[in-house]
Asker: 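Got a structure for you, questions after.
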Amino acid sequence: MTSPSPLRVRFAPSPTGKLHVGGARTALFNWAFARRHGGTFLLRIEDTDRERSKPEYERAILEGLSWLGIQWDEGPDVGGPYGPYRQMERSAQHVAAARELEAKGAAYRCFCTTERLDALREAQAAKREKPGYDGLCRAIPRAEAERRVAAGEPAVLRFRVPEGHTQFVDLIRGDVTFQNAEVDDWVMVRTDGAPTYNFVVVCDDSAMAITHVLRGEEHLTNTPKQVLLYHALGYQVPRFGHFPLMLGTDGKKLSKRTGDTALEDYRDKGFPKEAVLNFLCLQGWALDGKTEVFGVEDLVANFDPTQVSKAGSIFDIQKFLWLSGEYIRRDSLESVADHCAPHVVAKGWLSASELQSKREWYLAAVATEKERIHTYAELAERIAYLFAPDDALVFDDKAEANGRKQLGDGNLVKGYVAWLTPQLAKGVEAAALRDATKAWMAERGAKFPALFQPLRCALTGEAGGPDLFDVMALLGPERTLARIESGIRRLSAPATTGTTP
RNA sequence: GGCCCCAUCGUCUAGUCAGGCCUAGGACACCAGGUUUUCAUCCUGGCGACAGGGGUUCAAAUCCCCUUGGGGUCACCA
């Protein structure tokens with residue numbers, strides 16, 4: 001066998017919110033990249049924002065990834081040889097790196113107050129100058145700085161950005177160059193001693209032997225700061241790759257304004273996880289340009305970060321819904337039924353125990369809608385009519401209009417009911433009843449819609465839906481007749497509420 | 001506004017790195033027809049794009065430049 005690949009990648013979310021779908025895609029691509037090359041995929045929690053980091057968010061992120069089946073080889077819960085995997089637990093290393101940098105003169109103490117910084121920014125904005133730290137404290141001799149710090153004066157540690165320019169090769173974008181003059185003397189360590197993201201990310205990626213840093217494009221402008229830091233620390237610079245952003249329908253970074261952003265929202269809405277995975281792949285990557293429906297095994301076998309598109313992609317819920325429907329249609333009846341069950345319970349249609357005791361009936365109900373639904377949650381909505389009161393079914397406007405129009409003088413339907421009633425005495429056998437009904441219709445030379453439209457409205461209250469004999473079978477003889485009688489009466493009556501005011 | 005990134009159908013994309021095989025392919029959506037008791041599925045067909053302008057070349061969606069447009073980022077957030 002080949003020797004183990006040293007490739008190591010990571011997904012490093014901050015536990016300050018639910019797992020974003022964009023983050024999920026970043027994790028997925030990193031994971032696939034590692035799997036394809038026999039590398040290691042690790043999870044690191046970037047919890048350096050003490051204010052906003054919450055344990056429950058960390059839990060939610062881990063759950064989200066687990067739901068998708070993205071497994072990490074090392075992480076906060078499973079540990080690993082490069083732990084710990086929460087940044088706050090690695091502060092000893094960060095402090096050491098900060099001291100080293102300060103001693104080398106690559107970083108310096110800054111005593112500027114928030115007030116001065118705010119005023120500075122305001123003045124820069126007023127003069128339309130580029131905002132940024134003016135380097136006032138750069139000139140303070142280290143001895144003096146140390147004295148002031150020892151005296152208890154609040155200070156941050158800033159990185160001393162050198163002259164010149166910084167260049168790196170982005171796996172997705174190619175050469176990227178920044179003039180160092182454009183890079184701020186950014187804060188590495190806060191007044192309270194807590195390190196900031198751009199600082200710890202370098203320390204930890206290096207300590208964890210990360211070979212490829214693949215993340216979202218919003219980090220592109222952070223990269224020069226980090227590259228400079230790698231150089232200052234004498235660390236080997238990893239390869240970088242910045243995935244294009246996932247955008248909302250407004251063309252801007254996906255936000256709650258234009259749709260759900262959290263992975264769990266889609267899980268809760270009943271999207272099959274395979275569909276989520278597949279759709280995430282399609283945002284920025286294509287298997288062969290032709291195949292739309294494929295699984296993670298195809299991603300793993302073919303993923304190459306250099307093939308990811310550079311431009312952002314709008315999150316198209318229509319296509320997502322279509323894809324989701326594809327997965328549901330291809331899945332087995334039992335599986336779909338099981339996935340839909342929680343939504344049926346949530347709607348209150350059936351209890352968990354009824355789902356057990358009426359399993360056959362439930363499966364039959366799911367079978368009637370399986371090819372019509374796009375999400376598991378949609379099933380619960382579509383079978384709602386089965387649980388409505390038989391004498392007060394809500395009629396959809398179009399269904400009622402069609403029913404009234406086709407009903408005519410009502411004689412055909414009345415004749416059918418007279419014929420049907422004794423037929424139902426022995427129960428509803430859908431196929432047989434369907435054939436018998438068609439024969440009955442043929443004898444009379446009647447058009448199908450004349451019978452089926454009023455019946456459909458009476459039975460389901462809707463303009464479209466499953467085969468009516470399947471519906472009758474689900475309803476059973478009594479409820480079928482009760483609905484037909486009540487429905488025909490309503491459709492025969494003057495159209496008082498035909499069109500809602 | 002500065003800097004950085006980006007630019008193929010309405011949307012996701014193939015093709016761009018290695019220029020000719022592209023009168024630009026696929027998918028979603030949309031439209032029209034077929035199937036069906038209706039809706040959905042399924043089948044057939046249609047609509048629909050290389051942002052604009054210069055260059056380089058025998059040849060450019062593909063390479064270069066400019067313009068325009070879009071996005072990201074400018075925190076003691078990550």
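This one's a predicted model, so the numbers in the text were calculated from it and none came from an experiment. Order of the sequence lines fixes the chain letters, A, B, ..., with proteins taken first and strands second; residue numbering starts at 1 for each chain.
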Asker: Of the candidate nucleotides B:rA78, B:rU13, B:rC76, which contains the atom at the shortest distance from the side chain of A:E46?
Answerer: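 Taking heavy atoms from C-beta onward, the closest nucleotide is B:rA78.
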Asker: Take atom CD of A:Q283 and atom P of B:rA27, then tell me their distance rounded to the nearest Å.
Answerer: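 These atoms are roughly 18 Å apart.
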Asker: Between B:rG25, B:rA27, B:rC76, which one does the side chain of A:K319 approach most closely?
Answerer: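 Of B:rG25, B:rA27, B:rC76, B:rA27 is nearest to the side chain of A:K319.
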Asker: Nearest to the side chain of A:Q307 - B:rA78, B:rU13, B:rG15?
Answerer: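 The answer is B:rG15, which lies nearest to the side chain.
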Asker: Taking the inter-plane angle between the rings of A:W440 and A:W419 on a 0 to 90° scale, is it parallel (under 30°), tilted (30 to 60°) or perpendicular (over 60°)?
Answerer: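 Ring orientation of A:W440 relative to A:W419: tilted.
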Asker: B:rU73, OP1 or OP2 - any side-chain N/O from A:K225 closer than 4.0 Å?
Answerer: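 Checking B:rU73 against A:K225, no side-chain N or O comes under 4.0 Å of OP1 or OP2.
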Asker: Given B:rC74, B:rG71, B:rC76, which nucleotide is nearest the side-chain atoms of A:P131?
Answerer: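 Nearest to the side chain of A:P131 among the choices is B:rC74.
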Asker: Is there any side chain to side chain donor-acceptor pair (under 3.5 Å) pair reaching into residues 9-20 of chain A, and which pairs are they, with sequence neighbours excluded?
Answerer: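 Of all non-adjacent pairs touching residues 9-20 of chain A, those that pass side chain to side chain donor-acceptor pair (under 3.5 Å) are A:R10-A:D205, A:S14-A:T16.
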Asker: With P as the reference atom in both, quote the distance from B:rG20 to B:rC4 in angstrom, rounded to an integer.
Answerer: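 Pairwise P distance, B:rG20 against B:rC4, rounds to 31 Å.
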Asker: Rounded to the Å, how far apart are A:L282 CG and B:rA27 C1'?
Answerer: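 For the pair A:L282 CG and B:rA27 C1', the rounded distance is 8 Å.
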Asker: Side chain of A:S14 only, please: which of B:rA78, B:rC28, B:rG26 is the nearest?
Answerer: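 So the nucleotide nearest the side chain must be B:rA78.
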Asker: Taking the six-membered ring for Trp, are A:F159 and A:W186 closer than 6.0 Å centroid to centroid?
Answerer: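 Close enough - the centres of the two rings lie under 6.0 Å apart.
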Asker: With rounding to the closest Å, how many angstrom separate the C1' atoms on B:rG53 and B:rG69?
Answerer: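 Those two atoms are separated by 14 Å.
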Asker: Let me have a per-nucleotide readout for nucleotides 39-45 of chain B, 5' to 3', with B, S or -, counting only protein heavy atoms under 4.0 Å.
Answerer: BBSS---
Asker: Measure centre to centre between the rings of A:F178 and A:H165, then say whether the value is under 6.0 Å.
Answerer: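 Centroid separation for A:F178 and A:H165: 6.0 Å or greater.
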Asker: Nearest to the side chain of A:K290, which nucleotide is it out of B:rG26, B:rC76, B:rA78?
Answerer: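 It is B:rG26.
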Asker: For a quick check, tell me whether the side chain of A:N222 and the base of B:rA78 share a donor-acceptor pair closer than 3.5 Å.
Answerer: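 Yes, a donor-acceptor pair under 3.5 Å.
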Asker: When the aromatic ring centroids of A:F279 and A:F315 are compared, is their separation below 6.0 Å?
Answerer: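 Yes, the ring of A:F279 comes within the 6.0 Å limit of the ring of A:F315, centre to centre.
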Asker: Is A:T191 near enough to B:rC76 that one of its side-chain N or O atoms lies under 4.0 angstrom from OP1 or OP2?
Answerer: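 Checking A:T191 against B:rC76: no side-chain N or O falls below 4.0 Å of OP1 or OP2.
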Asker: My understanding is that a pair needs two contacts under 3.5 Å, Watson-Crick or G-U wobble. By that rule, which nucleotide pairs with B:rU56?
Answerer: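 The answer is none; no pair meets the criterion.
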Asker: Which base sits across from B:rC3 as a Watson-Crick or G-U pair, both distances under 3.5 Å?
Answerer: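 Pair assignment: B:rC3 / B:rG72.
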Asker: Can you tell me the pairing partner of B:rA49 across any strand shown, Watson-Crick or G-U wobble, with both distances under 3.5 angstrom?
Answerer: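 Base-paired to nothing in any strand shown.
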Asker: Choose from B:rA78, B:rG72, B:rG1 the nucleotide whose nearest atom is closest to any side-chain atom of A:L245.
Answerer: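 Of the options given, the side chain of A:L245 lies nearest B:rG72.
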Asker: How many Å lie between NE2 on A:H242 and C1' on B:rU73, as a whole number?
Answerer: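 Value for this atom pair: 12 Å.
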Asker: What is the per-nucleotide protein-contact pattern of nucleotides 3-10 of chain B, from the 5' end, where B denotes a base atom under 4.0 Å from a protein heavy atom, S denotes such proximity for sugar-phosphate atoms only, and - denotes neither?
Answerer: SSSSS---
Asker: Pick the C1' atom in B:rU8 and in B:rA51, then give their distance to the nearest Å.
Answerer: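 That atom pair is separated by 10 Å.
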Asker: Can you measure A:K127 atom NZ to B:rG2 atom P for me and round it to whole angstrom units?
Answerer: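 That distance rounds to 18 Å.
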Asker: Is there a donor-acceptor pair closer than 3.5 Å between any side-chain N or O of A:T437 and the backbone N or O of A:L433?
Answerer: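 Present.
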Asker: Mind telling me whether A:F29 and A:F243 have parallel, tilted or perpendicular rings, with 30° and 60° as the class edges?
Answerer: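 Perpendicular.
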Asker: Parallel, tilted or perpendicular, judged at 30° and 60°: which one describes the rings of A:W285 and A:F303?
Answerer: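 If you compare the ring of A:W285 with that of A:F303, the planes turn out tilted.
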Asker: With rounding to whole Å, what would you report as the distance between B:rC6 and B:rC42 at their C1' atoms?
Answerer: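 So the two C1' atoms sit 40 Å from each other.
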Asker: Work out how far the C1' atom of B:rA49 is from that of B:rG54, and round it to whole angstrom.
Answerer: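 To the nearest whole Å, 22 Å.
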Asker: Can you tell me how far P of B:rC76 sits from CG of A:N198, to the nearest Å?
Answerer: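 In whole Å, B:rC76 P and A:N198 CG are 11 Å from each other.
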Asker: Could you tell me how far B:rC64 sits from B:rC17 if I compare only their P atoms? Round to whole Å.
Answerer: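 The answer is 9 Å between these two P atoms.
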Asker: Classify the nucleic acid contact of A:G284 as base, sugar-phosphate or nothing, counting any heavy atom under 4.0 Å across all strands shown.
Answerer: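 Sugar-phosphate: the residue A:G284, judged by heavy atoms under 4.0 Å, touches backbone atoms but no base.
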Asker: Using only atom types and a distance under 3.5 Å, with no angle test, would you say the side chain of A:S309 pairs donor to acceptor with the backbone of A:G284?
Answerer: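 Yes, the answer is positive, given that a donor and an acceptor are paired below the 3.5 Å cut-off.
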Asker: Sticking with atom C1', work out how far B:rG48 lies from B:rC66, rounded to a whole angstrom.
Answerer: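 Here B:rG48 and B:rC66 have their C1' atoms 29 Å from each other.
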Asker: Once you round it to whole Å, what is the distance between P of B:rC76 and CZ of A:F159?
Answerer: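 That distance rounds to 16 Å.
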Asker: Expressed as a whole number of angstroms, how long is the span from A:K405:NZ to B:rU38:P?
Answerer: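 Nearest whole value for this atom pair: 13 Å.
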Asker: Measure the acute angle between the ring planes of A:F452 and A:F448, then classify it against the limits of 30° and 60° as parallel, tilted or perpendicular.
Answerer: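 Rings of A:F452 and A:F448: tilted, as their planes differ by 30° to 60°.
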Asker: If I take atom CZ in residue A:F294 and atom C1' in nucleotide B:rC12, what distance separates them, rounded to the nearest angstrom?
Answerer: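 To the nearest whole Å, that distance equals 11 Å.
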Asker: Regarding A:T223 and A:H242, is there a side-chain donor-to-acceptor distance under 3.5 Å anywhere?
Answerer: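 Result is yes, a qualifying pair exists.
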